[in-house]
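Read the structure below first, then the notes.
Because the structure is a prediction, the values reported are computed rather than measured.
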Amino acid sequence: QVQLVESGGGLVQAGGSLRLSCAASGRYAMGWFRQAPGKEREFVAAISSSGGRSYYPDSVKDRFRISRDNTKNTVYLQMNSLKPEDTAVYYCAAKNTGGFIVVVTVGAYDYWGQGTQVTVSS
């Protein structure tokens with residue numbers, strides 16, 4: 001059973017930064033998604049299992065950075081210049097695929113974490 005444990009959420013003022021962590025029980029292609037109340041789950045960032053490729057939507061690409069430490073099976077999401085519209089529950093997800101494959105769609109992921117709340121005040 002794959003386990004994903006997220007941490008690092010919280011309350012921050014607009015313009016501030018947070019770093020989310022997701023500890024996995026193995027090495028997978030990983031992604032971060034977010035879901036605000038009343039909205040669909042939205043892709044935020046993804047990284048290949050090797051760490052050699054990553055991808056972001058335009059809404060965050062200049063502000064967020066995904067990285068991983070494969071010695072710890074942990075993926076990070078560094079979020080800078082946060083905006084109130086970034087407020088959501090953030091989820092990490094894992095897909096059992098290797099190499100340089102980056103996965104960006106919700107339905108393609110095999111496993112999900114429990115989510116961590118990020119609230120950005122104006």
Side-chain angles (χ1 to χ4, degrees):
Q1 181 72 19
V2 175
Q3 290 188 323
L4 303 175
V5 180
E6 298 127 334
S7 60
L11 173 64
V12 64
Q13 288 188 331
S17 298
L18 280 175
R19 189 177 80 156
L20 306 182
S21 300
C22 176
S25 54
R27 185 183 295 188
Y28 307 95
M30 301 290 291
W32 286 97
F33 292 77
R34 66 187 180 188
Q35 189 165 19
K39 294 188 176 182
E40 294 186 351
R41 195 163 293 190
E42 175 189 21
F43 168 67
V44 174
I47 191 166
S48 61
S49 64
S50 67
R53 292 185 65 193
S54 59
Y55 189 77
Y56 309 86
D58 289 344
S59 57
V60 306
K61 67 183 300 184
D62 295 325
R63 302 184 295 122
F64 291 8
R65 176 176 171 79
I66 190 170
S67 61
R68 66 189 303 151
D69 183 344
N70 283 342
T71 66
K72 300 179 180 179
N73 287 333
T74 299
V75 174
Y76 305 97
L77 183 67
Q78 178 66 43
M79 304 185 294
N80 300 323
S81 302
L82 282 162
K83 305 175 182 180
E85 51 263 43
D86 294 318
T87 295
V89 178
Y90 282 69
Y91 298 90
C92 70
K95 181 169 181 64
N96 195 3
T97 186
F100 291 89
I101 296 173
V102 175
V103 184
V104 303
T105 55
V106 171
Y109 279 91
D110 302 315
Y111 309 101
W112 292 85
Q114 80 285 358
T116 185
Q117 177 70 44
V118 171
T119 303
V120 184
S121 63
S122 58

Minimum heavy-atom separation for Y56 and I66, please, with both atom names. OH-N, 2.8 Å
Please give me the minimum heavy-atom distance between L77 and A45, naming the atom from each residue. CD1-CB, 3.9 Å
Rounded distance [0.5 Å steps], CD in Q13 versus OG in S122: 9.5 Å
For Q3, does its backbone N or O pair with a side-chain atom of S25 as donor and acceptor, under 3.5 Å? yes
Show me the side-chain donor-acceptor pairs of residues 90-99 shorter than 3.5 Å, one per line, residues at least two apart or across chains.
from: Y90; atom 1: OH; to: R34; atom 2: NH1; distance (Å): 3.0
from: Y90; atom 1: OH; to: D86; atom 2: O; distance (Å): 2.6
from: K95; atom 1: NZ; to: A108; atom 2: O; distance (Å): 3.1

Work out which heavy atom in A46 is nearest to a heavy atom in V102; give both atom names and the distance. CB-CG1, 3.5 Å
Would you indicate whether the side-chain heavy atoms of V75 and Y28 approach each other to under 4.5 Å? no
Are P57 and E42 side-chain neighbours, meaning at least one heavy-atom pair lies under 4.5 Å? no
Would R19 count as a cation-pi partner of Y76, with NZ or CZ less than 6.0 Å from the six-membered ring centre and within 45° of the ring normal? yes
Report the distance from atom OG of S48 to atom CZ of F100, rounding to the nearest 0.5 Å. 6.0 Å
Working to the nearest 0.5 angstrom, can you tell me the gap between S54 OG and R68 CZ? 11.0 Å
Would you say F43 and V106 are hydrophobically clustered, going by side-chain heavy atoms of ILVMFWY under 4.5 Å? yes
Side chains of L20 and T116: does their closest heavy-atom pair fall under 4.5 Å? yes
Is there a side-chain contact between Q117 and T87 in this structure, where contact means two heavy atoms from C-beta onward sitting under 4.5 Å apart? yes
Determine whether V118 and W112 fall in the same hydrophobic cluster, where Ile, Leu, Val, Met, Phe, Trp and Tyr are linked whenever their side-chain heavy atoms lie under 4.5 Å apart. no
Whether the side chain of E6 engages the backbone of G115 through a donor-acceptor N/O pair (distance < 3.5 Å, no angle test) should be reported. yes
Measure the OG-CE distance between S67 and M30 for me, rounded to the nearest 0.5 Å. 11.5 Å
Student check: side-chain heavy atoms of F64 and W32 closer than 4.5 Å: no
More than 12 foreign heavy atoms under 6.0 Å from CZ of R63: is that the case here? yes
Under 4.5 Å between side-chain heavy atoms, counting indirect links through other Ile/Leu/Val/Met/Phe/Trp/Tyr residues: same cluster for V103 and Y111 or not? no
Decide whether I101 and V44 are clustered together by the hydrophobic rule: side chain heavy atoms of Ile, Leu, Val, Met, Phe, Trp, Tyr closer than 4.5 Å, transitively. no
Quick one, V60 and M79 - any side-chain contact, counting heavy atoms below 4.5 Å? no
